[in-house]
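Everything numeric here is computed off the predicted structure, so don't read it as measured data.
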Amino acid sequence: MIKRIPGTKDVLPSEIDKWHFIENIVHKIFHNYNYGEIRTPIFEETPLFARGIGEETDIVSKEMYTFNDRGGTSVTLKPEMTAAVVRAFIEHNFDSKQSLNKLYYISPMFRQERPQAGRLRQFHQFGAEVIGSNSPLLDAEIIIIAYRILSSLGLKAILLKINTLGKPLEREKFKNALKEYLYPHFEKLSDDSKKRFSGNILRIFDSKDASDVKIMSSAPNIQDYLSESGIAHFEKVRSVLDKASVPFEVEPKLVRGLDYYTDTTFEILSGKVGSQNALCGGGRYDNLIETLGGKNTPGVGFAAGIERIILALDNENALKLTPEPLDYFIIRLNDDSANAFSVAQHLRDRGFSVELDYLDRSVKAQMREANKLNAEKVVFIGGEEEKDGLLTLKFMKTGEQVSIKPEMISEYKFPAD
RNA sequence: GUGGGUAUAGCUCAGCUGGUUAGAGCACCAGGUUGUGGCCCUGGGGGCCGAGGGUUCAAGUCCCUCUACUCACCCCA
């Protein structure tokens, strides 16, 4: 038996309602804030991601689906969306049409990692990128939108954490201070953190190792290395969030694995999804556009994982979706099935959802099927009343039924209807 | 890449210290109502017990190998 590729998932008809529900809310809320949807190809030339995300990051160094096409070009299935959006932004000269661009997307992403709960190799994200302003209002707007979508979906057990990483120069100073602080403790660090020491030293803040945590508890704080403008930026973000009544926690240990972040970063965590608990992450990236060959333009954005959100919704039991009921089910009372399809067609032409039996099943079986499909009304054809040119219409909720002329069925209403 | 766990019907799982034809619930199909659902009752179809090897008179059960799935680390949505 051929099976699906590990780390991929089929979305079956029985669960598609959840996806539509989420997608509808995403579209609606982004419309509220005047964001335009963008769709980019599923693959790009490899250097876009290598340069944009950072050669040293885990995503680029070991997780990308990269291959050569028949022309010998190295292409990569997109592992994240920001670089792709920025590429489109530059390629289509967005900045010359409009000085501020607010974009959102819903798209599959690909990363070749070991799958586990809440981690897939093909997964789906929705997210936004706002390019063209360094206003802290937009940092806050992005966070508010993300938070609002998640709470509109019905999630309760979520926690918003925010932090600031400062400007590149400030961060370098901070990294050096950290290095100095950690040097004497080096031997006591976990093996993973020893590697991080020379690679991405900030990630040691994220370590779950007990010894690491102890050492880091008295490590230097990024706040002490921020410039006045950096502090002011972060304060503004926080005050806007406060005014919008979005609850958050400042988490100085929040560092993110993508190289391009500057100033504000944030995550929204779920307490209900196991170990991979970040539903959403994002931040500001004021240097990325220039890195990718555009003009020096600031940006801010986020991405949220749809599969993780579904996990959280399921585990919180937050979703109460009832499948769309069927308007009519056509039942044959005798063997003459010639009419059934054209009666169904008559109703379908008028916009109703209609089903009928294709398996020559008994009346009882057809009724069971109608009930299972939650049909509102059932039409019986081919019975005694056919001689008088009538059909029988039954209202399933109350069991009432009437015999009426065929051309009346789409209009007839029962008292409780 | 590194660890741990699991593998029995379409799904969720029983199957005790090895012992006859391998079970339940749900789902599916049929009947109980010769033209009528939900509840209930009766019956039915479905399993190389993940694969291969070993121990034994005897293996779903014990041992080994492999494979798949799964959780966790790293990292991320």
Start with the C-alpha gap between A:Asn277 and A:Ser270, add the side-chain angles, then the distance that decides, and say whether side chain to side chain donor-acceptor pair (under 3.5 Å) holds. CA-CA 5 Å; A:Asn277 60 355; A:Ser270 166; over 6 Å; no
I need a per-nucleotide contact map over nucleotides 67-72 of chain B, read 5' to 3'. Cutoff is protein heavy atoms under 4.0 Å; write B for the base, S for backbone only, - otherwise. -SS-SB
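- Residue-level contact check: A:Gly127 touches neither bases nor backbone, having no heavy atom under 4.0 Å from any strand.
- In this structure, A:Asn371 and A:Glu307 both approach RNA chain B, and ranking their closest nucleotides by distance from the 5' end singles out A:Asn371.
- Classification of A:Lys102 and A:Glu141 as a salt-bridged pair holds, one side-chain N sitting under 4.0 Å from a carboxylate O.
- Other residues, nucleotides and ligands contribute over 12 non-hydrogen atoms within 6.0 Å of the NZ atom of A:Lys167.
- Per the geometry, CD belonging to A:Gln366 stands 14 Å off P belonging to B:rG38, to the nearest Å.
- Atom CG of A:Asp209 is separated from atom P of B:rC75 by 12 Å (rounded to the nearest Å).
- The neighbour count for A:Glu91 CD, taken as heavy atoms of other residues, nucleotides or ligands under 6.0 Å away, is above 12.
- Ring planes of A:Phe197 and A:Tyr183: tilted class, angle from 30 to 60°.
- Salt bridge status for A:Glu369 with A:Arg361: present, with a side-chain N to carboxylate O gap under 4.0 Å.
- Nucleotides B:rU12 and B:rA27 have their P atoms positioned 15 Å apart, rounded to a whole Å.
- One P atom belongs to B:rA77, the other to B:rG4, and the distance between them is 29 Å to the nearest Å.
- When heavy atoms are screened at a 4.0 angstrom cut-off, A:Arg121 is found touching no nucleic acid atom at all.
- Across the C1' atoms, B:rG37 and B:rA72 are found 48 Å apart, a figure rounded to whole Å.
- Using a 4.0 Å cut-off between charged nitrogen and carboxylate oxygen, A:Asp314 and A:Lys18 count as a salt-bridge pair.
- Distance alone, capped at 3.5 Å, places no donor-acceptor pair between the A:Glu251 side chain and the A:Asn163 backbone.
- Each of A:Gln125 and A:Ala375 was matched to the nucleotide of RNA chain B holding its nearest heavy atom; the match closer to the 5' end belongs to A:Ala375.
- Counting to the nearest Å, the C1' atom of B:rC74 and the CD1 atom of A:Ile204 are 14 Å from each other.
- Rounded to an integer number of Å, the gap from A:Arg119 CZ to B:rC75 P is 10 Å.
- Looking only at distances, a side-chain donor or acceptor of A:Ser239 sits under 3.5 Å from a matching main-chain atom of A:Lys236.
- B:rG15 and B:rU6 are spaced 14 Å apart, taking the P atom of each and rounding to whole Å.
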Run the salt bridge (charged side-chain N to carboxylate O under 4.0 Å, His left out) test on A:Arg203 and A:Asp192 for me, step by step, so that the C-alpha distance in whole Å, both residues' side-chain angles and the decisive distance to 0.1 Å come before the verdict. CA-CA 10 Å; A:Arg203 292 227 62 88; A:Asp192 280 327; over 6 Å; no
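- A distance of about 29 Å separates the P atoms of B:rC73 and B:rC63, rounded to the whole Å.
- B:rC11 sits 33 Å from B:rA58 when the C1' atoms are compared, rounded to a whole Å.
- Atom CD of A:Glu15 has more than 12 heavy atoms from other residues, nucleotides or ligands within 6.0 Å.
- Note on ring orientation: taking the six-membered ring where Trp is involved, the planes of A:Phe302 and A:Phe30 are parallel (angle under 30°, cut-offs 30° and 60°).
- Annotation: B:rC71 and B:rG46 have their P atoms spaced 34 Å apart (nearest Å).
- The closest donor-acceptor contact from the side chain of A:Arg284 to the backbone of A:Thr264 lies at 3.5 Å or more, if one exists at all.
- For the P atoms, the distance from B:rG38 to B:rA30 is 13 Å, rounded to whole Å.
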Nucleotide-resolved protein contact map, nucleotides 27-36 of chain B, B/S/- at heavy-atom distance under 4.0 Å: -SSSBB--BB
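- Computed from coordinates, the A:Leu313 CG to B:rA77 C1' distance equals 14 Å when rounded to whole Å.
- For the pair A:Ile331 CD1 and B:rG37 P, the interatomic distance rounds to 9 Å; values are reported in whole Å.
- What separates CD of A:Glu56 from C1' of B:rC74 is a distance of 16 Å, to the nearest Å.
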So what is the 5' to 3' dot-bracket string for RNA chain B, if pairs are Watson-Crick or G-U wobble with both distances under 3.5 Å, crossing pairs use [ ] and | means the partner sits on another strand? (((((((..((((.....[...)))).(((((.......))))).....(((((..]....))))))))))))....
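- Residue A:Phe123 contributes atom CZ, which lies 11 Å from atom C1' of B:rC75 at whole-angstrom precision.
- Using a 4.0 Å heavy-atom cutoff across all strands shown, A:Ile306 reaches no nucleic acid atom at all.
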